[in-house]
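Residue numbers start from 1 in every chain, and the chains themselves are labelled A, B, ... in the order their sequence lines are given, proteins ahead of strands.
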Amino acid sequence: MFTYYLRLAFKSIKRTPILSALMISAIALGIGACMTTISVNYMMSADPIPHKSDQLYYVRVDSWDPYNAFDDPNIPPNQLTWTDATNLTLAGKAFRQSAMARSGGVLEPDNPDIKPFQAGIRLAYNDFFDMFDVPFLYGNPWTDEADINPELVVVLTEQLNERLFGGENSVGRTIKMRSNDLTVIGITKTWEPVPRFYDITTGPFNDVSDMFMPYRLKQELELPNWGNNNCWKPSEGSGFMSRLLSECINNQMWVELPNEQARQDYMDFLDSYVNEQKALGRFPRPLNNKLTDVMDWMKHENVVPDDAEIMLWLSFLFLLVCLLNTIGLLMAKFATKSSEIGLRRAVGASKQALFIQHLVEAGLIGFAGGILGLGLSLLGLEGVESLFGDFISKVAHMDATLVAMAFGLAVLSSVAAGLYPTWKACNIAPASQLKSQ
Amino acid sequence: MNLEIGPIFRAMMRNKVGAMLIMLQIAVTMTIIANGFSIIQERKALMARDSGVDIANSFHLSNVSFAEDFDMQTAVIDDLKAIRELPGVADAIQVNAIPLSGSGWSMGLQTEAGDDIDGSGTAVYMVDDHALSAYDVKLIAGRNFELTDLRWRTDNTNDWADVLIATEALTKSLFPDLTPQEVIGKTVFINNHEPIIIIGIIDKLQAPWSGWNNLDHVMLTPDRLAFRGNRYYIRAEEGVRDDVMKRVEETLSNRLSGRMIQGMESMEETQRESYTGASGMIKMLTLIMIVLTIITAMGIVGLASFSVNRRKKQIGTRRALGAAKNSIIRYFMIENLIISGAGVIVGAILTVGLNMILVQAFSLTPIAWYYVPIGMISLLVIGQIAVFGPAQKASSIPPALATRSA
């Protein structure tokens with residue numbers, strides 16, 4: 001019976017080609033626009049580390065100006081001072097913890113064919129790799145010892161290893177940076193969390209730094225501050241060390257706390273740490289420490305830009321117009337079939353059979369619109385990428401969930417659009433349509 | 001003239017749902033178009049803000065040393081001399097940050113010393129005595145930097161120069177009641193306590209961050225930079241920028257070893273990148289508005305055609321009874337006008353409603369009142385254009401049709 005209805009539906013669609021094309025393209029455009037914006041929003045608000053995002057916490061302590069909050073209303077600074085990041089990490093009170101910061105330097109490869117170039121550095125403690133489950137291609141993270149008495153070691157990303165050593169296992173080789181020889185100790189496999197949650201302050205969709213080095217090397221090698229550096233009071237004295245030890249914030253810190261008890265304990269530890277510092281004359285503001293898990297931190301930092309959300313809502317309204325359009329056209333179309341329906345009712349077809357037959361027709365139109373819409377949304381994502389440039393390229397694609405969602409949306413909207421016209425068409429008295437014929 | 005609104009309305013009521021659907025479609029279409037247009041205008045206004053500099057003819061690059069013994073002070077002086085001597089170069093400076101580039105240095109200035117005084121945030125450009133000419137900005141009061149004002153800022157410099165030049169916007173926020181002339185010679189405080197004297201005021205210059213509230217707050221300080229890295233900002237003479245860019249790149253790349261010249265970019269490109277979000281939004285919204293208008297217009301055409309087809313016999317009868325072609329056309333036009341009219345009234349309410357939500361949730365600029373009537377009129381016109389084709393078709397139905405049996 002279903003195939004028979006399908007055949008009837010095809011026939012009926014072919015009888016009014018322009019109208020059918022109009023309905024299909026309306027649904028396709030609506031779905032295309034919606035799925036494009038849904039995809040971007042979905043990818044931007046994705047959980048970058050799903051299996052443990054509720055156990056990783058971003059650490060904030062309020063070390064700011066006594067007269068002005070870092071941000072209203074009384075929000076603590078979004079980064080830490082070098083002093084606090086170091087002290088808190090070395091205290092080791094969490095299951096895992098790492099202070100981190102962004103820096104950079106010019107690498108001078110031994111290979112004369114490769115010109116010196118600037119590379120971005122992520123300074124961190126070795127817990128970084130375990131805490132964030134960073135996969136390794138060759139070698140290993142540095143040792144705990146290297147964190148305390150920093151050795152000149154470096155972990156390269158796969159891409160940088162490709163550039164420097166043609167992708168071979170380069171563990172044990174050295175690279176020159178500002179006359180220091182850094183020994184390669186490991187190479188990470190491509191690892192690109194989206195959003196790049198661990199450092200939102202320098203853009204949530206930017207690339208992972210080219211290489212990783214022990215945090216303390218910043219002091220040893222006098223590495224520069226990259227990223228945002230905010231100060232509420234000038235450093236005392238001059239020179240690198242006084243800037244490093246100033247109240248300026250340029251560091252981030254994450255801790256892994258496996259359960260609620262651990263979180264409570266760590267919160268207590270933070271409070272007691274700040275109180276200790278208060279005794280030393282720092283932290284002039286009232287206690288205002290925060291532990292924020294990954295997803296809450298993404299929300300707090302507005303990782304999904306307003307514009308993406310505005311476009312999402314506008315595209316839903318757009319789909320609504322397309323559906324209203326389809327409902328109107330479908331009603332008009334079914335209305336011209338009223339004599340046919342009347343005839344079939346008169347010769348014994350049940351209302352139910354006619355209902356299903358016309359719903360199949362509506363569903364077919366929706367299905368065609370859905371497929372076309374899926375194609376349009378892929379095109380739309382290409383368009384979004386070319387309009388907004390690199391930063392969006394990581395979020396401008398669809399995964400299996402999104403494709404399934406597109407089909408769901410297509411079926412749902414075409415059934416929603418088809419239901420009323422079908423019901424209306426089948427609800428006519430057979431006699432009224434037969435009289436004038 | 002009898003507009004026959006009564007019969008048209010009563011006929012419409014026989015297909016309430018159909019009329020309601022078009023009405024709603026028109027209302028939502030108008031809501032999207034009016035709000036979209038408002039957002040587009042908001043973004044266009046952002047992009048149209050005057051940068052103060054000669055965007056079309058300027059470019060910049062960065063200069064990073066890596067050799068431990070690299071003598072940056074000599075390099076900066078010799079580089080600038082070489083660049084300024086190149087044909088086609090109007091002027092050049094070394095600087096710590098570039099307008100609209102997204103990264104830079106900001107400080108707070110206040111009119112009284114003290115830890116608890118609120119200040120005005122401002123971007124800081126560390127430049128030499130050629131800055132005004134390189135930026136192509138106008139000095140509206142006071143004087144330019146002189147060679148004697150200049151000093152070297154190294155990694156270990158912690159204090160500030162004694163003098164600064166500020167944009168008019170910055171001085172207005174510091175001294176709202178004073179004229180530019182009166183501001184010259186005033187002392188302001190940086191880092192809460194350190195005094196600096198304002199010696200000059202320029203008309204306009206933008207900070208590095210296009211999304212910043214204080215985009216027009218800029219202070220120039222007379223610092224030559226002996227950092228490991230700095231930037232050069234160069235203005236070419238009218239029309240020769242691309243040639244000059246090549247020449248500068250060649251000149252600098254070959255001049256010294258132990259440093260890299262990188263990231264050469266025209267200000268046009270920098271400005272474009274700074275507004276990718278805004279321009280992308282404008283293009284997306286424009287596309288949506290166009291497609292939406294087409295869909296709604298096609299919907300009106302489709303529905304009107306069907307209603308013409310369904311009423312063929314009645315139209316034939318009216319024609320046989322003496323109705324002129326024009327009155328048939330008028331019938332469908334007025335029918336559409338009634339539906340669209342209701343649609344744009346509902347649309348006006350929805351437009352304002354959606355705008356209130358958008359303003360609340362995303363702090364957009366509230367919609368200008370006149371977009372509402374403009375949106376209403378536009379959709380009425382679109383409706384009339386869309387329905388004209390089917391109406392004309394209806395008018396050409398021959399009266400003889402009335403005599404045939406279906």
Side-chain angles (χ1 to χ4, degrees), chain A residues 18-19 22-23 25-26 29-30 33 65-68 105-108 115-118 177-179 222 224 233-235 237-240 242-243 305-307 309-311 313-315 317-318 320-322 324-325 327-329 331-333 335-336 383-384 387-389 391-392 420 424 436-437, chain B residues 15 17-18 21-22 24-25 28-29 31-32 35-36 39 64-68 115-118 155-159 191-192 194 228-229 260 262 273 276-281 283-285 287-288 291-292 295-296 298-299 301-303 305-307 309-310 354 357-358 361-364 405-406:
Chain A
I18 296 181
L19 191 76
L22 203 58
M23 287 189 279
S25 41
L29 285 166
D65 184 349
Y67 302 103
N68 290 300
V106 175
L107 301 183
E108 296 171 68
K115 275 203 194 161
F117 62 93
Q118 205 157 25
M177 186 177 83
R178 287 228 321 260
S179 67
E222 303 206 344
K233 79 178 198 190
S235 50
S238 64
F240 182 86
S242 66
R243 273 203 313 281
D306 280 358
D307 280 1
E309 281 178 54
I310 294 174
M311 287 313 295
W313 295 114
L314 288 184
S315 66
L317 284 178
F318 182 89
L320 177 67
V321 172
C322 295
L324 288 170
N325 195 51
I327 297 175
L329 294 175
M331 272 181 70
K333 164 147 202 196
T336 61
V384 165
L387 282 184
F388 291 92
F391 98 95
I392 211 158
Y420 179 75
K424 187 97 195 287
S436 70
Q437 310 296 316
Chain B
N15 182 13
V17 179
L21 284 172
I22 318 184
L24 273 181
Q25 198 182 332
V28 180
T29 302
T31 308
I32 300 178
N35 277 290
I39 297 174
V64 184
S65 69
F66 54 86
E68 206 67 0
D115 288 326
D116 53 346
I117 312 265
D118 277 345
D155 276 330
N156 293 327
T157 307
N158 218 11
D159 63 338
N191 281 333
N192 298 333
E194 203 184 324
R228 235 176 228 115
M260 297 181 311
Q262 59 175 25
E273 275 172 18
T276 357
S279 71
M281 195 73 173
K283 284 176 195 148
M284 260 171 92
L285 284 170
L287 183 70
I288 282 204
V291 174
L292 201 56
I295 287 180
T296 300
M298 297 297 273
V301 171
L303 283 170
S305 306
F306 263 89
S307 103
N309 277 343
R310 219 171 25 160
L354 177 69
I357 296 173
L358 289 177
F362 304 109
S363 47
L364 293 184
S405 61

Heavy-atom contact with chain A under 4.5 Å, split by part of B:Val64: side chain

Give a yes or no on whether the backbone of B:Asp118 and the side-chain of A:Asn68 come within a donor-acceptor separation of less than 3.5 Å. no

Please report the closest heavy-atom contact between B:Asn156 and A:Phe240, naming both atoms and the distance. OD1-N, 3.8 Å

Approximate separation, where rounding is to 0.5 Å, of B:Asp115 CG and A:Asp65 CG: 7.5 Å

Looking only at heavy atoms, what is the nearest atom pair of A:Pro116 and B:Phe66, with distance? CG-CZ, 3.5 Å

pair A:Leu314-B:Leu354: side-chain heavy atoms closer than 4.5 Å: yes

Got a donor-acceptor contact below 3.5 angstrom from the A:Arg243 side chain to the B:Asp155 backbone? yes

Part of B:Glu194 within contact of chain A (heavy atom distance under 4.5 Å): neither

Under 4.5 Å to a heavy atom of chain A? For B:Phe306 that would be side chain

Heavy-atom proximity to chain A below 4.5 Å, by part of B:Leu24: both

Heavy-atom pairs under 4.5 Å with chain B, option from A:Asn325, A:Leu22, A:Leu324 with the top count: A:Asn325

Of the listed residues (B:Arg228, B:Arg310, B:Glu273), which shares the most heavy-atom pairs with chain A below a 4.5 Å separation? B:Arg228

State, to 0.1 Å, how close A:Leu317 and B:Val28 come at their nearest heavy-atom pair, and which atoms those are. O-CG1, 3.8 Å

Atom group of A:Leu329 that falls short of 4.5 Å from chain B, counting heavy atoms: both

Counting heavy-atom pairs under 4.5 Å with chain B, which one of A:Ser179, A:Gly328, A:Ala26, A:Cys322 comes out on top? A:Gly328

Are there more than 12 heavy atoms of other residues, nucleotides or ligands under 6.0 Å from atom CD1 of A:Ile18? no

Structural part of A:Gln118 lying under 4.5 Å from a heavy atom of chain B: both

Toward chain A, the part of B:Ile39 with a non-hydrogen atom under 4.5 Å: side chain

Out of curiosity, A:Ser315 OG to B:Leu292 CG, how far, rounded to the nearest 0.5 Å? 11.5 Å

Audit row: A:Trp313, B:Ile357, side chain to side chain contact (heavy atoms under 4.5 Å, CB included) steps and yes/no: CA-CA 11 Å; A:Trp313 295 114; B:Ile357 296 173; over 6 Å; no

A:Val106 and B:Ser65: which non-hydrogen atoms are nearest, and at how many Å? CG2-O, 4.5 Å

Does any heavy atom of chain A fall under 4.5 Å from the side chain of B:Met281, the backbone, both, or neither of them? both

Counting only non-hydrogen atoms closer than 4.5 Å, does B:Asn35 touch chain A with its backbone (N, CA, C, O), its side chain (CB onward), both, or neither? neither

Quick one: salt bridge (Lys or Arg N to Asp or Glu O under 4.0 Å) partners of A:Asp307, sequence neighbours excluded? B:Arg43

Which atoms of A:Tyr420 approach chain B - backbone, side chain, both or neither, heavy atom under 4.5 Å: side chain

Hey, which of A:Glu108, A:Lys233, A:Met331, A:Lys333 has the most heavy atom pairs under 4.5 Å with chain B? A:Glu108

Could you list the residues that satisfy side chain to side chain donor-acceptor pair (under 3.5 Å) with B:Asn191, not counting sequence neighbours? none

Drop me the distance from A:Ser238's OG to B:Asp159's CG, to the nearest 0.5 angstrom. 9.0 Å

Given a strict heavy-atom distance threshold of 4.5 Å, which part of B:Gln25 is in contact with chain A: side chain, backbone, both, or neither? both

A:Leu19, part contacting chain B, at a heavy-atom distance under 4.5 Å: side chain

Identify which of B:Asn158, B:Leu358, B:Thr276 forms the greatest number of heavy-atom pairs closer than 4.5 Å to chain A. B:Asn158

Looking at A:Ala33, A:Gly30, A:Gly237, A:Pro305, which has the largest count of heavy-atom pairs under 4.5 Å with chain B? A:Gly237

